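Ligands are counted one by one from 1 in listed order, and the atoms in each one are counted from 1 as well. Remember, it's a predicted structure, so these values are computed and weren't measured experimentally.
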Amino acid sequence: MLIRPATVADVPAIHGLIKTHAERGKMVLRPLDELYATLRSYFVCEWDGQVVGCASTHIFWSDLAELKGLAVADAYQGRGIGAALCQACYEDMQRVRVKNLFALTTAPAFFERLGYRRIAKEKLPRFIWGECVRCPSFPVCNEEAVIREVELP
Ligand SMILES: CC(C)(COP(=O)(O)OP(=O)(O)OC[C@H]1O[C@@H](n2cnc3c(N)ncnc32)[C@H](O)[C@@H]1OP(=O)(O)O)[C@@H](O)C(=O)NCCC(=O)NCCS
C-alpha cells in the first residue's frame, strides 16, 4: 500500500471512487473541475499501481479543517486503507498546525476507531455548511459530525 499526494493523473480515478459512493448516498459528488482545483489537498492510496482510495482536507479557519472526499474502492475495503488515508490527512494538518479536524460522515463509527468523537452538528460554525445544497440528501442531512483534536508537535 502506498499513500501519496495526488497528481493530476489521479483525478479520473478519484472522481470514479467518489462517484460510486456518492450514487449510493454515502458522500457528496465532486465534479472534475473541483477536483483539479483542490487537488493539492488530496492523498491517494495506490495498490499494485492502481488508485484504490482517496481523501482530502479543507482548511476553514486557523483552528478548523474538514477531512472530506474519503473513499475506498469496494474490493479494497477492510485492509487499513481508509485509516491510512485519514492518518495522512491528520499529519498534513499537524504540518500546517490546524488544531481541529472534523468530518461529516455516514460512517461515524469508523472515525471513532481513529480517535474522533461525535459532536452535535450545531456545534460546528455555520460557515462550513456552504456545500450542503449540493448534497443528494439536502435538506434532510444523513451525516453525523465527528471531530479530533490535532496534536501539535
Ligand atoms: C468508510 C471507509 C472509508 C472505510 O475504509 P476501509 O479502508 O474499509 O477502512 P479500514 O480498513 O482502514 O478500517 C479501519 C477500522 O475501521 C473499521 N471500519 C471500517 N469501516 C467501518 C464502518 N463503516 N463503520 C465502523 N467501523 C468501520 C474497520 O473494521 C477497522 O477496524 P480495526 O482497526 O479494528 O480492524 C470505506 O468503507 C468507504 O469508502 N466507504 C464508502 C464511502 C464513505 O462512507 N466515506 C466516508 C464518508 S466521509
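Considering both main-chain and side-chain atoms, Val72 comes within under 3.5 Å of ligand 1 through a nitrogen or oxygen pair. Residue contacts with ligand 1: Ala107 is placed with no nitrogen or oxygen under 3.5 Å of a nitrogen or oxygen of the ligand (distance criterion only). At a 3.5 angstrom cut-off on N or O pairs, Gly80 counts as close to ligand 1. Distances between N or O atoms of Leu70 and those of ligand 1 include at least one value under 3.5 Å. On a distance-only criterion, Ala83 and ligand 1 share at least one N/O pair closer than 3.5 Å. Annotation: Arg113 places an N or O atom under 3.5 Å from an N or O atom of ligand 1; distance criterion only. Taking any N or O of Gln77, backbone or side chain, at least one lies under 3.5 Å from an N or O belonging to ligand 1.
Shown in contact with Ile81 at under 4.0 Å from a heavy atom are these atoms of ligand 1, numbered in order with element: 7 (O), 12 (O). Less than 4.0 angstrom separates some heavy atom of Ala71 from each of these atoms of ligand 1: 39 (O).
Remark: minimum distance from atom 20 (N) of ligand 1 to any protein heavy atom is reached at Phe110 CD1, 3.9 Å.
Contact annotation for atom 35 (O) of ligand 1: protein absent (non-hydrogen atoms, distance under 4.0 Å). The protein does not reach atom 2 (C) of ligand 1 closely, with no heavy atom under 4.0 angstrom from it.
The pair Glu112-Arg117 does not meet the salt-bridge criterion, since no charged nitrogen lies less than 4.0 angstrom from a carboxylate oxygen. The pair Lys121-Glu144 does not meet the salt-bridge criterion, since no charged nitrogen lies less than 4.0 angstrom from a carboxylate oxygen. For the pair Arg4 and Asp10, the salt-bridge criterion is met [side-chain N within less than 4.0 Å of a carboxylate O]. A salt bridge links Arg24 with Asp74: the closest approach of a Lys/Arg side-chain nitrogen to an acidic carboxylate oxygen falls below 4.0 angstrom.
Only the backbone of Leu104 comes within 4.0 Å of ligand 1, judged by heavy-atom distances. Heavy atoms of Arg79 found under 4.0 angstrom from ligand 1 belong exclusively to the backbone.
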What's the verdict on side chain to side chain donor-acceptor pair (under 3.5 Å) for Gln87 and Glu91, showing C-alpha distance, side-chain angles and the deciding distance? CA-CA 6 Å; Gln87 182 62 21; Glu91 287 172 11; 2.7 Å; yes
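Taking the six-membered ring for Trp and thresholds of 30 and 60 degrees, Phe127 and Phe60 have ring planes inclined between 30 and 60 degrees apart.
For the pair Arg148 and Tyr90, the cation sits on the ring face: its NZ or CZ lies under 6.0 Å from the ring centre, inside 45° of the axis.
A side chain to side chain contact (heavy atoms under 4.5 Å, CB included) with Leu70 is found for exactly one of Cys86, Cys89, Cys54, Ser56, namely Cys86.
Nearest approach of Met27 to Glu143, heavy atoms of both residues: CA-OE2, 4.5 Å.
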